[in-house]
Participant: 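Okay, here's the structure, questions in a sec.
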Amino acid sequence: MGSSEIAVAVVRRWLALALEVITAHEEELGRLDAAAGDGDHGATMVRGLRAANAAVEKTSDGAGRLLIEAGAAFSDASGGASGALIGALLSSAGRVLDDGPFDTATATKALQAGLSMVMRLGKAQPGDKTLVDALKPFVDALAAQPADQPLLAAWRAALPAAQAGAAATREMVAKRGRSAKLGERSLGHADPGATSLVYLLQAMETALAEECG
Ligand code: ADP
Ligand code: MG
């Protein structure tokens, strides 16, 4: 398989695994969101990922195009703050992920573009108790990997930064989104969006291990 075919296989497998892992944690994510939000985060993510999977079934383009389609379908189907933000994250990353080398440098650039878009749209800064608190440490850790490090190894090395970032949201008071209104009530509970983002990143680790390990 050429590098662009591997990228297509990884994106497809990732979306399928993401749906599995988020479905398995749907209740947990709902409970976390109920602490200070409206309790719908698990359901929102499942709906978005179902639509994203359906969208890529209909497309036979490159990996970047698949992610753009997946992001649009995710936003349309899931609604809510996280739906728009995660949809934009996927689509922005897709616009960078061309059919060139599918490697650590390209994945880093794609995720940096996704993170910038999320922060521009949602205006959340690190420490505001959002998915940015898991995504930004991950992207920074990925960018710190040697550019010639194989993507699977680099991804694995960066994952603990996302997990630590999501865990740290327990001690934060929400400043963005619905839960900002009841900010203090969110103290002691991890942010649902940061938690689900870690599941998405873990699903990608599995997809990479299966397709290019
Ligand atoms: P809603 O808030 O519309 O009910 P969800 O419950 O699906 O949407 O998602 C809530 C999650 O979305 C939060 O836990 C947080 O991580 C993320 N989020 C909300 N607003 C923002 C924002 N402005 N910037 C970044 N992430 C945000
Ligand atoms: Mg919610």
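Numbering starts at 1 and runs along the sequence shown. For ligands, and for the atoms within them, numbers begin at 1 and follow the listed sequence. Atom set for the values below is all heavy atoms of this structure, side chains included, hydrogens, waters and symmetry mates excluded.
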Participant: Could you tell me the residue and atom name of the protein heavy atom closest to atom 17 (C) of ligand 1, and the distance to it rounded to 0.1 Å?
Facilitator: L131 CD2, 4.1 Å

Participant: Any donor-acceptor pair under 3.5 Å linking the side-chain atoms of Y199 with those of E20?
Facilitator: no

Participant: Could you say whether the N/O atoms of A124 and ligand 1 ever approach to under 3.5 Å?
Facilitator: no

Participant: Under 3.5 Å between any N/O of D33 and any N/O of ligand 1: does that happen in this structure?
Facilitator: yes

Participant: When you check the gap from the basic side-chain N to the acidic O, do K129 and D133 get nearer than 4.0 Å?
Facilitator: no

Participant: Starting from atom 23 (N) of ligand 1, which protein heavy atom do you reach first, and at what distance in Å?
Facilitator: G122 O, 2.9 Å

Participant: Identify, for atom 10 (C) of ligand 1, the protein heavy atom at the shortest distance, and state residue, atom and that distance.
Facilitator: H41 ND1, 4.0 Å

Participant: Between S196 and H41, do the side chains contain an N or O donor and an N or O acceptor separated by less than 3.5 Å?
Facilitator: yes

Participant: Would V132 count as a polar contact of ligand 1, with the cut-off being nitrogen or oxygen pairs under 3.5 Å?
Facilitator: no

Participant: Please report which non-hydrogen protein atom sits nearest to atom 2 (O) of ligand 1, along with the residue it belongs to and the distance in Å to one decimal place.
Facilitator: R178 NE, 3.6 Å

Participant: Tell me the nearest of A81, A166, A36, S82 to atom 19 (C) of ligand 1, using heavy-atom distances.
Facilitator: A81

Participant: Hey, what do you get for OG1 (T44) to CD1 (I86), rounding to the nearest 0.5 Å?
Facilitator: 9.5 Å

Participant: Which atom, counting only N, O or S, brings D40 closest to the Mg ion (ligand 2)?
Facilitator: OD1

Participant: Has ligand 1 got any nitrogen or oxygen that is less than 3.5 angstrom from a nitrogen or oxygen of D191?
Facilitator: yes

Participant: Let me confirm one number: the CE-CZ distance from M117 to R95, rounded to the nearest 0.5 Å.
Facilitator: 5.5 Å

Participant: Working to 10°, measure the angle at the Mg ion (ligand 2) formed by atom OD1 of D38 and atom OD2 of D33.
Facilitator: 80°

Participant: May I ask which of T44, L85, D38 has a heavy atom nearer to atom 21 (C) of ligand 1 than the others do?
Facilitator: L85

